[in-house]
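Reviewing the structure listed below.
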Amino acid sequence: MATASSVSSPSMERIMSLPHSSMRLRHSNAPSLLHLSPQAAPSSFSSSLRPPSGFRHHIDSKRFPIFKIRASSEEEENSESLARIRKVFSNVKDKWDELEKKPTVFLYGGSAVLGLWFSSILIDALDSIPMLPKFLELVGFGYFGWFVYTYLLFKSGRDELGSNIQALKKKITGEE
């Protein structure tokens, strides 16, 4: 089956070989269209299956497929996604039912939201002070450099960082 890009004719080859100066855009009240010079107008249409001259690759090449197609029905996909959603909600419900101190969760959650709101107000206020954001950026770059030099550049520092992270995990989970 021939595609539009693989159809060639002598008039198409003439169009493809024209210099760009012979193709001009003409402005009018009508939508802008590409107008070609009279010598580039196609005289007849022949449907040879050879690609236009100058093309190195064929568009319909089947060496490297772009898309992998898998046949499935919409009902199958919907049922799979609904099963995943139900599983997530059941896991969340089970975790919520296991909690003994539910008011504490609301207290911590409200405190976190309030803290984020307050910190955004504080950051906006600090950002409006001239030269302070650039100074804080410089301090951040300095701390980043120190952190890389201390913990990431050498193996002993990476080992120390790993042990510090493991100790912090144990403190958070209460295993220590």
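Atom set for the values below is all heavy atoms of this structure, side chains included, hydrogens, waters and symmetry mates excluded. Being a predicted model, the structure only gives us computed values, none of them experimental.
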Which of Phe154, Phe147, Trp146 passes side-chain contact (heavy atoms from CB on, under 4.5 Å) with Thr150? It is Trp146

Value for CZ (Arg86) from OG (Ser79), rounded to nearest 0.5 Å, stands at 9.0 Å

d(Leu168 CG, Gln166 CD) to nearest 0.5 Å is 9.5 Å

Exercise. Does Leu132 belong to the same Ile/Leu/Val/Met/Phe/Trp/Tyr cluster as Val139, with side-chain heavy atoms less than 4.5 Å apart forming each link?
Worked result: yes

Rounding to 0.5 Å, atoms CZ (Phe89) and CZ (Arg84) come to a distance of 15.0 Å

Query raised in the report: Are Ile129 and Leu136 grouped together when hydrophobic residues (ILVMFWY) are joined by side-chain heavy atoms under 4.5 angstrom apart?
Result: yes

For Lys155, the salt bridge (Lys or Arg N to Asp or Glu O under 4.0 Å) test, sequence neighbours excluded, returns Asp159

Could you see if Leu114 belongs to whatever hydrophobic cluster contains Ile121? Use Ile, Leu, Val, Met, Phe, Trp, Tyr and a side-chain cutoff under 4.5 Å.
yes

Is there a path from Leu152 to Phe144 through hydrophobic residues (I, L, V, M, F, W, Y) whose side chains come within less than 4.5 Å of each other?
yes

**Message:** For Lys87, I'd like to know if atom NZ has over 12 heavy atoms of other residues, nucleotides or ligands within 6.0 Å.
**Reply:** no

Between the CG atom in Leu161 and the OG atom in Ser156, the distance rounded to the nearest 0.5 Å is 11.5 Å

So CG of Leu99 and CG of Asp94: to nearest 0.5 Å the spacing works out to 11.5 Å

Applying ring-ring contact (aromatic ring centres under 6.0 Å, His included) to Phe118 and not counting sequence neighbours gives none

Joint cluster assignment, Ile165 & Tyr143, ILVMFWY side-chain distance < 4.5 Å: yes

* Asked: Does the side chain of Arg158 reach to within under 4.5 Å of the side chain of Tyr151, using non-hydrogen atoms?
  -> no

Rounding to 0.5 Å, atoms CG (Leu126) and OG (Ser119) come to a distance of 11.0 Å

* Just wondering, do Leu138 and Lys134 contact through their side chains at under 4.5 Å, heavy atoms? -> no

Residue set satisfying ring-ring contact (aromatic ring centres under 6.0 Å, His included) with Phe106, at least two apart, ordered chain then number -> Trp96

